[in-house]
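What follows is a short report on a single structure.
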Amino acid sequence: MQAQVVIIGSGPSGLLLGQLLSQAGIDTLILERKSRDYVLGRIRAGVLEQGTVSLLEAAGVADRMHAEGEFHDGIELCFDGTRHRIDLSGLTGGKRVMVYGQTEVTRDLMDARSAAGFKTVYEAEDVQIHDFDSARPRVTYRHQGQNVEVHCDFIAGCDGYHGVCRASVPESALTTYERVYPFGWLGVLSHTPPVSDELIYSNHADGFALCSMRSRTLSRYYIQCSLDDDVAAWSDERFWDALRQRLDPEAAETLVTGPSIEKSIAPLRSFVAEPMRFGRLFLAGDAAHIVPPTGAKGLNLAASDVQYLSEALLRYYGEKDEAGINTYSERCLKRIWKAERFSWWMTSLLHKFPDTGPFGQKIQQAELDYLVRSTAASTALAENYVGLPFDFSD
Ligand SMILES: Cc1cc2nc3c(=O)[nH]c(=O)nc-3n(C[C@H](O)[C@H](O)[C@H](O)COP(=O)(O)OP(=O)(O)OC[C@H]3O[C@@H](n4cnc5c(N)ncnc54)[C@H](O)[C@@H]3O)c2cc1C
């Protein structure tokens, strides 16, 4: 088999890259190790930056997002029992974020891909990449009992943190940076109306809480938990009680609870692998970097990698110009490190850290108070939250 670009992984980065390249006439093949339903069953991100929204529009998959998603002009910070609004839009000259679930973005991209007849192989087993340091890379996999070999020009490693692509790069060619946080997030999805029109980020003596949403009838709530916690030990009732405790009195009073339809614990990690290009292999999205979800950056970073990579490959195929390919890694990493910094900062500001004690809590309180009183500080938060422009560091 032949394809110009073989994309490993059908998460948001693989699907979006596939859509942008395929609609420009580049022959792509996506290989995904799980089934379509499994991928669609994963509950993950829900906040899209303006740049991500524009990219989905350019990919021709934004109709349902505009019909069902919701633009948010602000977020609320809750501490000392009081909520304070950060006017994202007012502080950034009209920029805002779109609340629309990653599951829905994925579904829209999958539907567009199959409607256009572009090829995805789900349940591709034992995907392996070969010869990516040569002019003619190969990818092998097994599907329905058959061994398949695909020759291609480029391989896009969009296969997430646990994928095969980064793992295939010789260790000596990679530098990795990592911080693992000493807590996790216990998340609940429920068919209940959100407690507030905007997201609430809460700093509380018991630990962090986030009130998020996917729609007017679907809420996503998180509380900071211990890494030793077991989901089974968290009944719905226990979760709602703990969440209520961490909110201001008005939100605690108006919170509508209901049965959870998904409940899981996610560890928090910051991770970057450098560089992101190895000959004819490119890494994009979670394959190259992870952020703690506090800044809502994971999916958005995947989208900005795809913006740079699609641009680079279109330039290569259109004009035989390799400049975009050669600068891909550097451009991505400049933006990634800014999002890593912001996500780390939001995490440090809002969580209870076991080792910083009362001094750490006082510093957090002082910083939060400064943040909501100083326009300069609020603006810095707002411009990072809505997302730095794709060409910010160029
Ligand atoms: C539990 C959880 C909660 C999250 N919550 C948030 C959030 O609230 N906000 C936020 O901004 N971000 C969040 N994120 C991060 C966000 O979901 C990711 O940044 C985003 O999914 C990255 O997209 P991706 O396509 O790069 O990787 P992924 O979505 O991980 O997709 C990679 C794909 O590659 C496939 N794959 C892996 N290995 C192979 C292989 N060997 N062969 C073939 N296919 C393979 C996988 O099955 C998967 O479908 C969360 C992530 C997790 C794990």
Side-chain angles (χ1 to χ4, degrees), residues 6-19 29-49 52 97-103 105-106 109-110 120-129 139-143 155-168 184-187 189 199 201 210-214 220-222 231 262-271 273 276 282-306 309 332 336 339-340 342-343 346-347 385 387:
V6 176
I7 298 168
I8 318 292
S10 79
S13 52
L15 287 164
L16 185 54
L17 180 66
Q19 185 66 11
L29 170 68
I30 297 185
L31 300 177
E32 165 61 52
R33 77 169 158 196
K34 301 287 189 187
S35 69
R36 183 188 147 102
D37 285 348
Y38 181 94
V39 174
L40 284 174
R42 293 190 296 223
I43 306 298
R44 291 184 172 179
V47 177
L48 310 181
E49 296 174 356
T52 305
V97 293
M98 163 73 82
V99 171
Y100 188 63
Q102 174 169 337
T103 312
V105 172
T106 307
L109 284 161
M110 283 177 169
T120 305
V121 177
Y122 291 101
E123 298 176 84
E125 294 166 52
D126 193 23
V127 174
Q128 288 185 33
I129 61 174
V139 179
T140 55
Y141 64 98
R142 204 169 49 254
H143 186 57
I155 300 169
C158 301
D159 50 350
Y161 182 69
H162 299 288
V164 66
C165 291
R166 192 182 73 249
S168 302
W185 278 18
L186 170 63
L189 188 70
L199 272 64
Y201 289 82
L210 169 60
C211 302
S212 184
M213 65 193 77
R214 295 294 178 265
R220 182 69 164 158
Y221 295 108
Y222 298 96
V231 181
E262 196 265 359
K263 197 187 284 163
S264 52
I265 292 179
L268 267 67
R269 175 193 305 273
S270 299
F271 173 84
M276 290 168 60
F282 301 95
L283 302 180
D286 279 18
H289 43 77
I290 299 285
V291 284
T294 328
K297 291 287 165 250
L299 172 58
N300 293 299
L301 272 186
S304 60
D305 290 353
V306 166
L309 185 53
C332 288
I336 288 159
E340 289 283 346
F342 178 67
S343 305
M346 283 280 277
T347 305
Y385 193 88

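Just so you know, residue 1 is the first one in the sequence shown, and it goes up from there. As the structure lists them, so they are numbered: ligands from 1, and atoms in each ligand from 1. These numbers come from a predicted model, not from an experiment. Side chains are part of it too, since the values below use all heavy atoms of this structure and drop only hydrogens, waters and symmetry mates.
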Find all atoms of ligand 1 within a distance of less than 4.0 Å from any non-hydrogen atom belonging to [X], and give their numbers and elements.
X      : value
Gly11  : 25 (O), 29 (O), 31 (O), 33 (C), 49 (O)
Lys297 : 11 (O)
Ile8   : 42 (N), 43 (C)
Gly285 : 26 (O)
Val127 : 42 (N)
Pro293 : 6 (C), 7 (C), 8 (O)
Leu31  : 43 (C), 44 (N)
Lys34  : 47 (O)

For ligand 1, which is the ligand I care about here, please tell me if [X] has any N or O atom under 3.5 Å from one of the ligand's N or O atoms.
X      : value
Ser13  : yes
Pro12  : yes
Ala124 : no
Arg33  : yes

Taking C-beta and beyond as the side chain, do Val6 and Ile129 meet within less than 4.5 Å on heavy atoms?
no
Least distance between heavy atoms, [X] atom then [Y] atom:
X      : Y      : result
Leu283 : Cys165 : CD2-CB, 3.9 Å
Asp305 : His289 : OD2-NE2, 2.6 Å
Ile30  : Ser10  : CG2-CB, 3.8 Å
Tyr122 : Ser35  : CD2-C, 4.0 Å
Pro12  : Leu109 : O-CD1, 4.3 Å
Leu31  : Ala124 : CB-CB, 4.3 Å

Pick from Val47, Val105, Thr52: which one makes a side chain to side chain contact (heavy atoms under 4.5 Å, CB included) with Tyr100?
Val105
For [atom], what is the nearest protein heavy atom, given as residue, atom name and distance?
atom                    : answer
atom 19 (O) of ligand 1 : Asp286 OD1, 2.7 Å
atom 48 (C) of ligand 1 : Arg42 NH2, 3.2 Å
atom 35 (C) of ligand 1 : Glu32 OE1, 3.3 Å
atom 7 (C) of ligand 1  : Ala45 CA, 3.4 Å
atom 11 (O) of ligand 1 : Gly298 N, 3.2 Å
atom 1 (C) of ligand 1  : Ala266 CB, 4.0 Å

Given side chain to side chain contact (heavy atoms under 4.5 Å, CB included), test Leu309 with Met276 step by step and report yes or no.
CA-CA 11 Å; Leu309 185 53; Met276 290 168 60; over 6 Å; no
Is it true that a side-chain atom of Thr103 and a backbone atom of Arg42 form a donor plus acceptor pair closer than 3.5 Å?
yes
Among Glu125, His162, Arg44, which one has a heavy atom closest to atom 30 (O) of ligand 1?
Arg44
Taking atom 21 (O) of ligand 1 as the point of reference, which of Gln102, Glu123, His289 owns the nearest heavy atom?
Gln102
Just let me know how Asp159 lines up against ligand 1, side chain, backbone, both or neither, with a heavy-atom cut-off below 4.0 Å.
both
Answer side chain, backbone, both or neither: which part of Tyr122 comes under 4.0 Å from ligand 1, heavy atoms only.
neither
Charged N to carboxylate O under 4.0 angstrom, Glu49 versus Lys297?
yes
Cation over ring, Arg166 on Tyr161, under 6.0 Å and within 45°?
yes
Please state whether [X] comes within less than 4.0 angstrom of ligand 1, counting heavy atoms only.
X      : answer
Trp185 : no
Arg220 : no
Cys158 : yes

Specify whether Phe342 and Tyr385 have parallel, tilted or perpendicular ring planes, treating 30° as the upper limit for parallel and 60° as the lower limit for perpendicular.
perpendicular
Do Arg44 and Leu299 pass the side chain to side chain contact (heavy atoms under 4.5 Å, CB included) test, and can you show the C-alpha distance, the side-chain angles, and the key distance before you say yes or no?
CA-CA 9 Å; Arg44 291 184 172 179; Leu299 172 58; over 6 Å; no
Test side chain to side chain contact (heavy atoms under 4.5 Å, CB included) on Thr294 and Ser343 and set out the steps.
CA-CA 6 Å; Thr294 328; Ser343 305; 5.9 Å; no
